[in-house]
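Chain letters run A, B, ... following the sequence lines, proteins first and then strands; every chain starts at 1.
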Protein chains: 2
Amino acid sequence: MSDTKNDPFATHVVELADLAKALGHPARVRILEVLAQTPGCVCGDIVAQLPLAQATVSQHLKELKRVDLIQGEIAGPRTCYCLNSKTLTRAREMFTNLFTGIGCCQSEGEVHELESE
Amino acid sequence: MSDTKNDPFATHVVELADLAKALGHPARVRILEVLAQTPGCVCGDIVAQLPLAQATVSQHLKELKRVDLIQGEIAGPRTCYCLNSKTLTRAREMFTNLFTGIGCCQSEGEVHELESE
DNA sequence: AATATTAATCGTATATTGCCGATTAACGAT
DNA sequence: ATCGTTAATCGGCAATATACGATTAATATT
């Protein structure tokens, strides 16, 4: 997808990058928030809360579905969207691992201490 | 009361999406890992550890610099790259907020009841 | 000054993304 | 069966992203 050759990146790197890519658009981040807030997670409701056309929102939903961050259940003529907590947990773990794993670079082996939040 | 059709995305959403976009390529995730592991964080060292040409790596470094996840310090003819712990911490907070903020949906496969209108 | 080295940038080609209007498919209701 | 509604997909276009070789700018060494 990214380069034409065999991609020689580790699987966890590819997986994390793919998840990040899916989160790499304001509309898609917003969609996740909307799905978390809205009891009825119907596509039309999402469209109504985004400044984008229905076709565009549908594409963003497709991208979120691709990485399994959301699921779509057909309910009559509508589609009810739902967060996938399993993938969300997986994503959270991967991002946490990344951030805690890379610490800081000041001097070799030394981990930068983080200010308390 | 806001008209969501005409309003732009909230700043925190844009900021998070922008960080995610910067992490949305295996090469850039890998660069962060390399910078965390490699004591001397010189550009050439990074290039040596990636399956990409120097010009391409330079572009990825530029993207990471754009969102301030890394810093480049000119050291003679070389450039010493360094993780920016401040932005990393900020990013970790934002991702954590996203994941914990949206919690989870229902159990997998289960669909919300539709509200009649 | 001349040369070697490093890394950013240029130029370019290709692929992907983002956006929308229009269309289609699926479904409920009449 | 027809109509209206919903949402996915199609077609097309512009913008962005990715990749690389070639070039340039900066510096260190000789």
No-H, no-angle donor-acceptor pair, Gln54(B) side chain to dA8(C) base, under 3.5 Å: yes

N/O (side chain, Lys21(B)) to phosphate O (OP1/OP2, dT17(C)) under 4.0 Å: no

Candidate nucleotides dA22(C), dA8(D), dC10(C), ranked by approach to the side chain of Ala55(B) - the nearest: dC10(C)

Nearest listed nucleotide, side chain of Cys43(B), among dA19(D), dA8(D), dA8(C): dA8(C)

Sugar-phosphate, base or nothing in reach of Val57(B), heavy atoms under 4.0 Å: nothing

N or O in side chain of Thr79(B) less than 4.0 angstrom from dA8(C) OP1/OP2: yes

Of His60(B) and Gly44(A), the one whose closest DNA chain D nucleotide lies more 5': Gly44(A)

Which donor-acceptor pairs under 3.5 Å do side chains of residues 88-98 of chain A form with protein atoms, sequence neighbours excluded?
residue  : atom : partner  : partner atom : Å
Thr89(A) : OG1  : Ser85(A) : O            : 2.8
Arg90(A) : NE   : Glu15(A) : OE2          : 2.8
Arg90(A) : NH2  : Glu15(A) : OE1          : 2.8
Arg90(A) : NH2  : Glu15(A) : OE2          : 3.3
Thr96(A) : OG1  : Arg92(A) : O            : 2.7
Asn97(A) : ND2  : Glu93(A) : O            : 3.4

OP1 or OP2 of dA8(D) under 4.0 Å from side-chain N/O of Tyr81(A): yes

Side-chain N or O of Arg28(A) closer than 4.0 Å to phosphate OP1/OP2 of dG18(C): yes

Length of the CD1-C1' vector between Ile70(A) and dA8(D), whole Å: 13 Å

N/O (side chain, Thr56(B)) to phosphate O (OP1/OP2, dA19(D)) under 4.0 Å: no

Length of the CZ-P vector between Arg66(B) and dT9(C), whole Å: 15 Å

dA7(C) OP1/OP2 closer than 4.0 Å to side-chain N/O of Lys62(B): no

Interatomic distance, Leu52(B) CG vs dA7(C) P [rounded to whole Å]: 16 Å

Short side-chain N/O contact from Ser58(B) to OP1 or OP2 of dT9(C), under 4.0 Å: no

Gln59(B) (side chain) and dA8(C) (base): donor-acceptor pair under 3.5 Å: no

Intra- and inter-strand pairs of DNA chain C in dot-bracket (Watson-Crick or G-U wobble, both distances under 3.5 Å; | for another strand): ||||||||||||||||||||||||||||||

Rounded distance in Å - CG (Leu64(B)) to P (dA17(D)): 13 Å

